[in-house]
Trainee: 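First, the structure itself, so that you have it in front of you.
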Amino acid sequence: MSLRRNADAFSFQVMLLLCALWGIQQVAIKLAAHDIAPILQASLRSGVAALLVGLLMTWRGGWEGLRQGTLQGGLLAGLLFSAEFLLIALALTYTSAGHVAVFLYTAPVFSALGLHLLLPGEKLRPLQWLGIAVCFGGIAVAFAGGATHTHFDARMLLGDALAVGAGLAWGLTTVVVRGSRLSEAPPSLTLFYQLALCFVLLLGVAFATGQATRVNLTPLAVGSVLFQGIGVSFASYLAWFWLLRRYLASNLAVFSFMTPLFGVSLGVLILKEPLTLGFVWGATLVLAGIGLVSGEAWLRRKLKPTRS
């Protein structure tokens, strides 16, 4: 295997495109919510992507991981992945797409805490502990800004809390993948476990709550599901795994913080979502904290004095 290299102009351009796709995902869900419920969107987009990933694995190989004891970890990762998107769908009914984009990306903080407890080689460094404190302080600031206003803002607080819960589920998914046989399995198999289980479970939720029968097959609804299934859940995730095999993960993690910025900006431009000063300050602290946690290795290299 070739050594992973530092980020370059090409990786930055690819990450810019990926972050834009990930950032607009919540906007797409909310845009089509009147025609197709967010929970059903999450189910169908996972089904489309699972089919494509399964076909790709059949063509290129990758099913051998099923015989390597990955089923237990795969089912647990799939449950957490399903919980993440269920919480995202619920959050988008109460709060803005921009808020969800920011609070969802608390996931690296939760995964860092979980890995710190689980794996001896993943102990947190002082700068990362500072980042965790800054991140949770930012969440408190953002929540406090919404707690002083109207009932609508109280609903927004509930949505924000659900979005943080989605970030927790995402973070725990990373812990399961790193701490199980999935860490040695092909990334495509891990992705298939998550997508397939999410499709089945959230489709069941959609039918149980009556949301599966309230569908208007408008171009916007169909386009949203296909965009999420093909563009985001299939193509962008495979591109991300491709980058991780060639570039240092700490370098890419720094670029990935553009995603919430895209999410907030596109929510304001497309959905006309308002921005409060409290949320802006809180989101700034959240992103700064996440940057310290995920980019600690990159920062340490950059700040390390060079010998003459």
Trainee: Can a donor-acceptor pair be found, under 3.5 Å and without considering hydrogens, that links the side chain of Glu273 to the backbone of Ala97?
Mentor: yes
Trainee: Between Ser233 and Gly229 (side chain of the first, backbone of the second, donor and acceptor by atom type, cut-off under 3.5 Å), is there such a pair?
Mentor: no
Trainee: Using the ring centroid of each side chain, check whether Phe81 and Phe85 are separated by less than 6.0 Å.
Mentor: yes
Trainee: Is there side-chain contact between Val175 and Leu80, with at least one heavy-atom pair below 4.5 Å?
Mentor: no
Trainee: In Å, rounded to the nearest 0.5 Å, how long is the span from CG of Leu21 to OG1 of Thr259?
Mentor: 9.5 Å
Trainee: Run through Leu40, Asp35, Leu44 and flag the one making a side chain to side chain contact (heavy atoms under 4.5 Å, CB included) with Val215.
Mentor: Leu40
Trainee: What residue among Leu287, Leu130, Ile132 forms side chain to side chain contact (heavy atoms under 4.5 Å, CB included) with Leu292?
Mentor: Leu130
Trainee: Under the side chain to side chain contact (heavy atoms under 4.5 Å, CB included) rule, what do Gln26 and Leu104 come out as? Steps first, then yes or no, please.
Mentor: CA-CA 10 Å; Gln26 282 75 39; Leu104 176 62; 3.8 Å; yes
Trainee: What pair of heavy atoms forms the shortest contact from Thr106 to Cys135, and how long is it?
Mentor: CG2-SG, 4.1 Å
Trainee: If you compare all heavy atoms of Val280 against all heavy atoms of Thr284, which two are closest, and at what distance to 0.1 Å?
Mentor: O-OG1, 2.7 Å
Trainee: Within the structure provided, determine whether Val100 and Lys30 are in side-chain contact (heavy-atom separation under 4.5 Å).
Mentor: no
Trainee: For Leu172, does its backbone N or O pair with a side-chain atom of Ser111 as donor and acceptor, under 3.5 Å?
Mentor: no
Trainee: Going only through I, L, V, M, F, W and Y residues with side-chain contacts under 4.5 Å, is there a path from Leu277 to Leu285?
Mentor: yes
Trainee: Sequence neighbours left out, what passes side chain to side chain contact (heavy atoms under 4.5 Å, CB included) with Phe207? Give chain and number order.
Mentor: Leu203, Ala212
Trainee: Between atom CG of Leu220 and atom NE2 of His34, what is the distance when rounded to the nearest 0.5 Å?
Mentor: 10.0 Å
Trainee: Mind checking whether Val286 and Ile290 have side chains closer than 4.5 Å, heavy atoms only?
Mentor: yes
Trainee: Could you go through Leu113 and Trp129, starting from their C-alpha distance and side-chain angles, then the distance that decides it, and tell me whether this counts as side chain to side chain contact (heavy atoms under 4.5 Å, CB included)?
Mentor: CA-CA 9 Å; Leu113 284 169; Trp129 282 115; 3.8 Å; yes
Trainee: Counting C-beta onward and ignoring hydrogens, is there a side-chain heavy-atom pair between Leu191 and Phe234 closer than 4.5 Å?
Mentor: no
Trainee: Can you see whether Gln41 engages Ser224 through a side-chain donor-acceptor pair at a distance of less than 3.5 angstrom?
Mentor: yes
Trainee: Taking atom CD1 of Ile24 and atom CD1 of Ile270, what is their separation to the nearest 0.5 Å?
Mentor: 4.5 Å
Trainee: I would like to know whether Tyr193 and Leu182 meet side chain to side chain contact (heavy atoms under 4.5 Å, CB included); could you show each step before the answer?
Mentor: CA-CA 10 Å; Tyr193 276 130; Leu182 291 174; 3.9 Å; yes
Trainee: I'd like to know if the side chain of Ser183 and the backbone of Gly179 have a donor-acceptor N/O pair within less than 3.5 Å.
Mentor: no
Trainee: Identify the two heavy atoms, one from Cys198 and one from Ser82, that lie closest to each other, and give their separation to 0.1 Å.
Mentor: CA-OG, 3.1 Å
Trainee: Any idea which heavy atoms bring Pro108 and Tyr105 closest together, and the distance?
Mentor: CD-O, 3.2 Å
Trainee: Counting only N and O atoms by type, is there a donor-acceptor contact under 3.5 Å from the side chain of Ser180 to the main-chain atoms of Val176?
Mentor: yes
Trainee: When you compare the side chain of Leu189 with that of Val53, does any pair of heavy atoms fall below 4.5 Å?
Mentor: no
Trainee: Is Leu51 close to Leu55 at the side-chain level, that is, under 4.5 Å between some pair of heavy atoms?
Mentor: yes
Trainee: For this output row, return yes or no: ring centroids of Trp170 and Phe110 closer than 6.0 angstrom.
Mentor: no
Trainee: Under the side chain to side chain contact (heavy atoms under 4.5 Å, CB included) rule, what do Ile139 and Phe103 come out as? Steps first, then yes or no, please.
Mentor: CA-CA 8 Å; Ile139 293 174; Phe103 291 125; 4.2 Å; yes
Trainee: Quick check: do Leu168 and Leu87 have side-chain heavy atoms less than 4.5 Å from each other?
Mentor: no
Trainee: Roughly how far, to the nearest 0.5 Å, is the OG1 atom of Thr70 from the CG atom of Leu75?
Mentor: 9.0 Å
Trainee: Assigning hydrophobic clusters by single linkage (Ile, Leu, Val, Met, Phe, Trp, Tyr; side-chain heavy-atom cutoff under 4.5 Å), is Trp240 placed with Phe262?
Mentor: yes
Trainee: Look only at the side chain of His116 and the backbone of Leu124, and say whether a donor-acceptor pair between them is shorter than 3.5 Å.
Mentor: yes
Trainee: Are a donor atom and an acceptor atom from the side chains of Gln194 and Thr190 found within less than 3.5 Å of each other?
Mentor: no
Trainee: Taking the side chain as everything from C-beta on, heavy atoms only, tell me whether Leu79 gets closer than 4.5 Å to Leu201.
Mentor: yes
Trainee: Would you say Leu271 ends up clustered with Leu266 if hydrophobic residues are merged whenever their side chains have heavy atoms under 4.5 Å apart, either directly or through other cluster members?
Mentor: yes
Trainee: Check the hydrophobic clustering (I, L, V, M, F, W, Y; side-chain heavy atoms under 4.5 Å; chains of links allowed) and say if Val48 and Trp59 are grouped together.
Mentor: yes
Trainee: Testing the basics here: between Val141 and Gly278, what is the closest heavy-atom pair and its distance to 0.1 Å?
Mentor: CG1-O, 3.8 Å
Trainee: Would you name the heavy atoms of Gly78 and Leu197 that are closest together and state the gap between them?
Mentor: C-CD2, 3.5 Å
Trainee: Donor-acceptor pair, distance only, cut-off 3.5 Å: does the side chain of Gln13 make one with the backbone of Phe10?
Mentor: no
Trainee: What's the spacing between Phe12 CZ and Cys19 SG if we round to 0.5 Å?
Mentor: 9.0 Å
Trainee: Would you give the length of the straight line joining atom CG of Leu52 to atom OG of Ser188, rounded to the nearest 0.5 angstrom?
Mentor: 13.0 Å
